[in-house]
Enquirer: 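Quick one: the structure is below, and I'll ask about it shortly.
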Amino acid sequence: MQQIADWLKNLGMSEYAERFAEDHIDLAVLPDLTDQDLEKLGVLLGDRRKMLRAIRELGCETSATPHPSAVSVAQPKDAAERRQLTVMFCDLVGSTDLSARFDPEDLRAIIGAYHHCCATAVERNGGFVAKYMGDGVLAYFGYPQAHEHDAERAVRAGLALGQAVPMLRTPAGSPLHVRIGIATGVVVVGDLIGAGAAQEQAVVGETPNLAARLQAIAESDAVVIAESTRRLLGNIFELRNLGTLNLKGIAGPARAWTALRRSSVASRFDALHTSGLTPLVGREEESELLLRRWSRAREGEGQVVLLSGEAGIGKSRLTAAVLEHLAAEPHTRLRYYCSPHHADSALYPIIGQMERAAGLSHDDTPEMKLDKLDSVLAQAPTSSRDAALLAEMLSLRNDGRYPGLELAPEQRRQRTLEALISQVVGLAHHNPVLMIFEDAHWIDPTSLEVLGRTVDRIATLKILLIVTFRPEFVAPWVGQPHVTTLTLNRLGQREAAAIIARLVENKQLSADVTAEIVERTDGIPLFVEEMTKAVLEAESEDAARRTTASVPSMALAVPASLHASLMARLDRLGPAKKLAQIGAAIGREFSHALLASVARETEAELEPALDRLIQAGLLFRQGRPPHANYLFKHALVQDVAYGTLLRAKRCELHERIASALEQQFLDVCEAQPEVLARHYTQAGLGSQAIRYWQRAGNRAARRSANKEAVAHFRNALELLEALPDKAAHAEQELQLLIALGPALMTTTSSAAPEIGRVYARARELAGHAQRVADLFPTVWGAWLIAYTSGDILTSSRLLDELFSMAKTSGDSALVLQAHHAAWPIFTTTGALATARNHIASGLAIYRRDKHGDQALQFGGHDPAVCGYASDAIVAAAMGYPDEAVRQMQKGLGLARDLDHPAHACPGAVVCSRTASDSSRATESTGLCKRRPPDGHKAWIRRWSRQRNDVARMGKRRASAH
């Protein structure tokens, strides 16, 4: 039975394991199961289809008992992923000639040595050899395990191969040579194709083709890289620009570079900021603390500052700001850079610092290098024995100028470390020393020992030591009196917006795009910078919005410069990565209960995986399972996790999420129908999505969230337009248009062309249906458009239609709205008594419990509030100020009771302008200011003009009397 349980687990259906065991279903029975059998077992329809397909894939169509090992073949077929990948294609030069010259066994030895050399270089740099193709080798950097600097690792491997292959000793008798091409891009990778020895994990996309074409144009032992790779390298390597090339099979011209060697730029931070540094933002307190510690150190009270923070938080930028501040002050700088590629190379950052200080170059002669070393050592008292040890540390051969040292290995090691400390102490006796040890989370053990000795020694020296590192590094010196711990937190929204503004300068970037960048980058300065640059590089505003958008492919929204480091964090999760992907599909926040329902895993499986995500710093958890809620720590991590999913898998997940919400989370369905609408939309299930978008729009309109209502209704109409049987949904389209019209009126002018189109289409559909209840709102909308545009003739004709339909229907609600349309026309044309009669008739019909929701269909405001406000205007103009105030008070009271600013604001403003005492004016204006609705300015202006016109009529009447 365990084999069946494992098989179900591989399918993601462990919840059925107990039922299979209870009915004694084992591997022998599995091939005979039918759809009816599975239904009796309680297997859901969708799961039955997947289960039967998996049985067929096992080769179980017959009743033969499968071999137990066959179960492993039934792993889900969704292992393939979308991801950013750096592809290296390596080709052996002259392989055809070699095959003609050598016996097959000798050729086998040559190719074998070449393949072994390639595999060693690729794997040493964190790559994966995907395929051997005779004289060609295809390697991936970024799959199956992403690393923070995959593009750099690929170029390192390529340069290493260019040096190593010609050095191979093979039966060829002469040096072998290679050509290497490297490209980076988004691909689909992970599909297993072929079988046995021919099986490989295929990659689909333009990137491998581009790498192969670049390899073809490379010179012997040269590495040619694509522009996509070049952008990720900064100035880490010296490159030669090959210009723009036309490559066979590649659409459009392609730029390419030859990678020559690693550059002399020591700092990764400097190398990756080729266009200069953005001004430091939001770190005033941290900067002041560092400068205070420098002041102490300068007076002989040595200080150590442990500067920690997550990747991209601004540690290196802060140290650069300190260096800028001290540029004019006499001091000695010692900068050490740890490397992710040399965490096991003893004294790597210290050797690098000394080589840079001495100015050693790769083309210097041995004697020149020793002369340069002597010059730099002369800056501090250095014995000849120490000089010999330091020259040996730098792998410089002693030409006789230093004494020979006969020391045991451990003794030699200890003396070298002492010599290094002596150098630092000697320098501090001449000038204050600023030491910066960057990225200590990558430090090698021997350098860590030197750093520890330095921390212990400098308490009484003129030295400030700043050590930067990420949270995973545990600094062993915390708590000492001269050691300060400083943790950098994320920036606030204002500071993030300030970085964006400085990067944008004179370019145009809309406020909503800026807000999207701020929201998605979570206060990480590097994320803010890279996302802003990606948006600025977009060719248009629409392209910029796509860059920041999360649908349809969040992976495309993540700048390539950040993708590798974020993907690396996900790949380290192991099986927990699947939960991160499911959570990403649910949203930035999700509940434990919903995740468990969608993931279809037991609590025993779920909790360890979630703990892993939390320990990795990817999720925050609030509460305790099973009542916990989770939040992605970084929006961009969510984007990358979601972006790895193929479209089919995304659709499946969104359908499962929507189905789970419908069946188990009725409160979400009721309170947040737009959530289900979004999931059904992304699942490609248009009919279900339309239903929930319509619910969401109606709910938003009832709450005066009219912009949201418009967006929801538009989403529904767009999906409806794409349905293959659109005509069959005419009734649904009509109801959507009738609901959209009033919502649009509150967010834009009633004369806007879109409103005219909405009501014209609605009237067309209602005309086909021949139902007064549907036709009436469309005619009312046409009346409103005509009236607000000043077309009294057309609006009067439409008014007659409204009264005719209302009387025919006998529906009091329609009669009320006919009067609602009548009183502004008669007020505008000067028939004030007739206008008041229509107002009185309408108010007599109005019942709040029966007609309180009419604003959702007619004009976006309450008819009674409108009636009281209009009556106040007319009464005042006719010389009845007390009556005007009473009507105003009724209007304000109803508006306040409705707590619906879309109803209250127009009437409140007009009432306030009619008020005879300042307290009422203040009350009505305050009601409007409390929650001002969108789009009612047009109403207020129209009613104000109406009030002024009526006031002028009143004055003329008074003069006549």
Side-chain angles (χ1 to χ4, degrees), residues 690 693-694 697-698 701 706 709-723 725-825 842 851 853-861 863 866 935 938-939 942:
I690 291 169
W693 282 127
Q694 188 169 9
N698 290 335
N706 291 303
V710 168
H712 298 330
F713 290 137
R714 281 175 175 164
N715 286 336
L717 287 166
E718 285 176 12
L719 289 173
L720 194 145
E721 196 71 29
L723 291 178
D725 54 344
K726 179 187 171 185
H729 295 80
E731 173 66 23
Q732 195 171 21
E733 182 184 3
L734 174 60
Q735 299 306 320
L736 284 166
L737 291 169
I738 290 174
L740 174 61
L744 273 173
M745 289 179 185
T746 64
T747 59
T748 186
S749 166
S750 300
E754 184 182 3
I755 295 179
R757 290 193 295 271
V758 165
Y759 277 112
R761 173 63 178 163
R763 198 171 179 186
E764 176 189 346
L765 292 169
H768 295 320
Q770 289 296 313
R771 287 196 305 269
V772 171
D774 291 332
L775 188 58
F776 187 92
T778 68
V779 177
W780 201 96
W783 163 82
L784 181 60
I785 294 168
Y787 173 68
T788 53
S789 62
D791 187 350
I792 298 298
L793 186 64
T794 300
S795 59
S796 297
R797 178 178 56 79
L798 292 170
L799 178 62
D800 291 340
E801 286 188 41
L802 290 173
F803 270 110
S804 174
M805 285 188 287
K807 290 175 182 177
T808 300
S809 71
D811 187 338
S812 63
L814 301 189
V815 176
L816 167 59
Q817 286 301 332
H819 287 298
H820 185 190
W823 67 65
I825 288 181
H851 305 121
D853 283 343
Q854 282 200 330
L856 299 178
Q857 277 195 324
F858 301 99
H861 67 279
C866 177
W939 278 96
R942 179 173 60 79

Enquirer: Drop me the distance from Trp783's CH2 to Leu802's CG, to the nearest 0.5 angstrom.
Expert: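 The CG atom of Leu802 is 8.0 Å from CH2 of Trp783, to the nearest 0.5 Å.
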
Enquirer: Applying side-chain hydrogen bond (donor to acceptor under 3.5 Å, both in side chains), name anything that partners Ser812, two or more places apart in sequence or on another chain.
Expert: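 side-chain hydrogen bond (donor to acceptor under 3.5 Å, both in side chains) check on Ser812 returns Lys850.
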
Enquirer: Only one of Leu717, Ile690, Leu723 passes side chain to side chain contact (heavy atoms under 4.5 Å, CB included) with Glu733; say which it is.
Expert: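 Only one of Leu717, Ile690, Leu723 forms a side chain to side chain contact (heavy atoms under 4.5 Å, CB included) with Glu733, namely Leu717.
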
Enquirer: Quick one, Tyr787 and Pro824 - any side-chain contact, counting heavy atoms below 4.5 Å?
Expert: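 They are in side-chain contact.
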
Enquirer: What residues form a ring pair (Phe, Tyr, Trp, His ring centres under 6.0 Å) with His819, not counting sequence neighbours?
Expert: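 Per chain and number, His819 pairs via ring pair (Phe, Tyr, Trp, His ring centres under 6.0 Å) with Phe803, His838.
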
Enquirer: Set out, in order, the CA-CA distance, both residues' side-chain angles and the distance that settles side-chain contact (heavy atoms from CB on, under 4.5 Å) for Val779 and Tyr759, then state yes or no.
Expert: CA-CA 8 Å; Val779 177; Tyr759 277 112; over 6 Å; no

Enquirer: Within the structure provided, determine whether Gln817 and His851 are in side-chain contact (heavy-atom separation under 4.5 Å).
Expert: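 SC-SC contact between Gln817 and His851 ruled out.
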
Enquirer: Quick one: does Val815's side chain get under 4.5 Å of Lys807's, heavy atoms only?
Expert: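 No, every pair of side-chain atoms sits at 4.5 Å or beyond.
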
Enquirer: Could you tell me whether Glu754 and Arg757 make a salt bridge, using a distance below 4.0 angstrom between a side-chain N and a carboxylate O?
Expert: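 No salt bridge links Glu754 with Arg757.
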
Enquirer: Who pairs with Asp791 by side-chain contact (heavy atoms from CB on, under 4.5 Å), at least two apart in sequence or on another chain?
Expert: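 Asp791: side-chain contact (heavy atoms from CB on, under 4.5 Å) contacts with Ala786, Ser789, Leu793, Thr794.
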
Enquirer: Aromatic rings His820 and Trp823: how do their planes relate, parallel, tilted or perpendicular, breaks at 30° and 60°?
Expert: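 Ring orientation of His820 relative to Trp823: tilted.
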
Enquirer: Using the salt bridge (charged side-chain N to carboxylate O under 4.0 Å, His left out) criterion, which residues pair with Glu718? Sequence neighbours excluded.
Expert: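 Glu718 satisfies salt bridge (charged side-chain N to carboxylate O under 4.0 Å, His left out) with no residue once adjacent residues are dropped.
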
Enquirer: Are Trp780 and Leu798 side-chain neighbours, meaning at least one heavy-atom pair lies under 4.5 Å?
Expert: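 A side-chain contact is absent here, since even the closest heavy-atom pair is not under 4.5 Å.
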
Enquirer: I'd like to check the salt bridge (charged side-chain N to carboxylate O under 4.0 Å, His left out) partners of Arg797; sequence neighbours left out, ordered by chain and number.
Expert: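 Salt bridge (charged side-chain N to carboxylate O under 4.0 Å, His left out) list for Arg797, sorted by chain: Glu801.
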
Enquirer: Is Leu744 close to Arg714 at the side-chain level, that is, under 4.5 Å between some pair of heavy atoms?
Expert: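 In contact.
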
Enquirer: Please tabulate, for the side chains in residues 734-742, all donor-acceptor contacts under 3.5 angstrom to protein atoms that are two or more places apart in sequence or on a different chain.
Expert:
from, atom 1, to, atom 2, distance (Å)
Gln735, NE2, Glu731, OE2, 3.0
Gln735, NE2, Asp774, OD1, 3.1

